[in-house]
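Owing to the predicted nature of the structure, the values given are computational and were not obtained by experimental measurement.
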Amino acid sequence: MLITDKRWWTLPVVSAAQLLVVLDGTIVNIALPSAQQDLGMSDAGRQWAITAYALAFGALLLIGGRVSGALGHRRTFVVGLAGFAAASALGGLAVNPGMLFAARAAQGVFAAALAPAGLSLLTTTFTDPRERGRAFGVFAAVGAAGSAVGLVAGGLLTEYANWRWCLYINVPVAVLAVAGAALIPPDRKARPTGRLDVAGALLSGAGFAAIVYAFSETEALGWGSPKVLGLLAAGVALLGVFALVETRAASPLLPIRLLLHRARAGAFVSITLMFTAMFGFYLFMSFYTQTVLGYSPVQAGLTLIINALATLVASTFIAGRLHGRVPPAVLIVPGLLAAALGMLILTRLTATSTDVLPLYLTPALVLTGLGLGCVMPPTAALATTGLNHQDIGAGAAAYNAFQQLGAALGTALLNSVAAGTAATYLAENHASTAAASVHGYTTALTVAFVILLAAACLTAPLTIAKPSPKEANTHV
């Protein structure tokens, strides 16, 4: 009984760390105007408070996954927590923009080790299908709710305390998680299989960084900008060379066989496209509720709690309980379709729509939450199921990397679609600013709807077959 109790300590500790990683992607957004004024940031430079974190996190995830396997997942997890807490404290103490940007980049560095280590710990700790289903359900719910919690917490802390507390708040949570990590059963380190894949590390880091940076620049420069196109081309080329190098490396950073596994590829496709659509959806909710409905930042964040609660219900009571009993596609495909239906409801909005919260926002928030809650647990499990101990960290890192790429693409793509169509509508129809904004939002959500339908079509054939017990326990 004692062993079982110690194993279950892994879940709240890893979930707390996952909350930190996801929450920090949004909590600073709300605080950014106050931080800009306090530190004297320029309008052009303020984006680096967001971009520095995203760049470091996305660029180093694959390296973090390999480090986790080499040093041991629990040890890497603790180091990542401690470093994340220190970087957060440094950011809270920032006296100039450069200090804040450096702290945010350091947060991303340690998050890149923390995220794959946490997912790997869950995979190695919970091997029974029913236990794993419950564990991944809770883990996914916390991760999915992190964005909404970040918006609410950022608004409350900025309004009633100080923007610096949006960073300080990470410290006590991380300290408690470090203390709880002592109760996690120790795991074994992977046996060295060759020299460090330096070429793979450099190519993957540079490739991911170029793509994420290109996405972050689209709002200011547009998709046709030579800088954006050049960064995208460079990023794709670097990742192409990375894939070639990995097929020949003695100890690859990301073994290509992980991506060639059919069900795992389906998981990566579905979570990438789900995050592409959902981060555009969160962007719409933030702008629409505040600029059109007149909600305060706190009210806008609280509205998203509906989405978080729906995600919690779906991930724990649906996906968590059905894990291992049904093929992954039975959860993933309906989840994608439910989220698509939620987007479709919002495409019917106009600037003159009435009873918006009960008739449009609430159904959309519930459906997208249920969809996200059904997609995240099985895809997180598929990312690492059946891998040997050495490759679990790489599988977990790849899963997180695809999430980050999807989030960055969704924010950039759907924001560009909304802004471009709104400007065109305003010029051609001489409509009000509110009408043009809503037209831009609904057009972007139509694109998100199509993305989710495409995701369902692509994912179904890859994940439709339930693996036999022999296949599920086979290292790939």
*Step through the shown structure and confirm whether more than 12 heavy atoms of other residues, nucleotides or ligands are within 6.0 Å of OH on Tyr168.*
yes
*Taking only residues two or more places apart in sequence or in another chain, which ones pass ring-ring contact (aromatic ring centres under 6.0 Å, His included) with Tyr53?*
Phe57
*Determine, step by step, whether Arg134 and Trp8 satisfy the side-chain contact (heavy atoms from CB on, under 4.5 Å) criterion, reporting the C-alpha distance in whole Å, the side-chain angles of both residues, the deciding distance to 0.1 Å, and the verdict.*
CA-CA 11 Å; Arg134 290 197 296 270; Trp8 280 102; 3.8 Å; yes
Mind listing the side-chain donor-acceptor pairs of residues 402-417 below 3.5 Å, one per line with the distance, residues two or more places apart or on another chain?
{"from": "Thr411", "atom 1": "OG1", "to": "Ala407", "atom 2": "O", "distance (Å)": "2.9"}
{"from": "Ser416", "atom 1": "OG", "to": "Trp223", "atom 2": "NE1", "distance (Å)": "2.8"}
{"from": "Ser416", "atom 1": "OG", "to": "Ala412", "atom 2": "O", "distance (Å)": "2.8"}

_With rounding to the nearest 0.5 angstrom, report the OG1 to CZ distance, Thr276 to Phe281._
15.0 Å
*Which distance, rounded to the nearest 0.5 Å, do you find between the CD1 of Ile63 and the CZ of Phe208?*
10.5 Å
*Starting from the C-alpha separation in whole Å, work towards a yes-or-no answer on side-chain contact (heavy atoms from CB on, under 4.5 Å) for Leu93 and Met99.*
CA-CA 9 Å; Leu93 294 170; Met99 186 174 174; 4.3 Å; yes
Distance-only check: which donor-acceptor pairs under 3.5 Å involve side-chain atoms of residues 361-377, not counting sequence neighbours?
{"from": "Thr362", "atom 1": "OG1", "to": "Leu357", "atom 2": "O", "distance (Å)": "2.8"}
{"from": "Thr368", "atom 1": "OG1", "to": "Asn307", "atom 2": "ND2", "distance (Å)": "2.8"}
{"from": "Thr368", "atom 1": "OG1", "to": "Ala364", "atom 2": "O", "distance (Å)": "2.7"}
{"from": "Thr368", "atom 1": "OG1", "to": "Leu365", "atom 2": "O", "distance (Å)": "3.2"}

_Donor-acceptor under 3.5 Å (Arg264 side chain, Leu259 main chain)_ = no
*With sequence neighbours excluded, residues passing ring-ring contact (aromatic ring centres under 6.0 Å, His included) with His323*: none
_Closer than 3.5 angstrom, by distance alone: can the side chain of Arg74 be matched with the main-chain N or O of Ile184 as a donor-acceptor pair?_
yes
_Main-chain N/O of Ala418 paired with Thr421 side-chain donor or acceptor, under 3.5 Å_ = yes
*Donor-acceptor contact below 3.5 Å, side chain Gln36 vs main chain Met41*: yes
*asked:* What verdict does the side-chain contact (heavy atoms from CB on, under 4.5 Å) test give for Leu337 and Leu453, after you've listed the backbone C-alpha separation in whole Å, the side-chain angles of each residue and the deciding distance to 0.1 Å?
replied: CA-CA 7 Å; Leu337 294 176; Leu453 285 184; 3.8 Å; yes
*Determine yes or no for a side-chain-to-main-chain donor-acceptor pair under 3.5 angstrom, with Ser432 supplying the side chain and Ala435 the backbone.*
yes
_Return the CG to OH distance between Leu293 and Tyr288, rounded to the nearest 0.5 Å._
4.5 Å
Output a table of donor-acceptor pairs, distance under 3.5 Å, between side-chain atoms of residues 109-116 and any protein atom two or more places apart or on a different chain; print 'none' if there are none.
none

*Can a donor-acceptor pair be found between the side chains of Thr123 and Ser120 at a distance below 3.5 Å?*
no
*Distance from Ile305 atom CD1 to Thr311 atom OG1, nearest 0.5 Å?*
10.5 Å
*Mind checking whether Leu122 and Leu11 have side chains closer than 4.5 Å, heavy atoms only?*
yes
*asked:* Using side-chain heavy atoms (C-beta onward) and a distance below 4.5 Å, is Leu452 in contact with Leu273?
replied: no
*Donor on one side chain, acceptor on other, Thr379 and Tyr399, under 3.5 Å*: yes
*May I have the step-by-step check of side-chain contact (heavy atoms from CB on, under 4.5 Å) for Asn400 and Leu119, ending in yes or no?*
CA-CA 9 Å; Asn400 279 280; Leu119 183 54; 4.3 Å; yes
*Any sub-3.5 Å donor-acceptor pair from Thr218's side-chain atoms to Phe215's backbone N or O?*
yes
*Pairwise distance CG(Leu331) to OG(Ser315) - rounded to 0.5 angstrom*: 11.0 Å
*What residues, two or more places apart in sequence or in another chain, satisfy ring-ring contact (aromatic ring centres under 6.0 Å, His included) together with Tyr441?*
Phe284
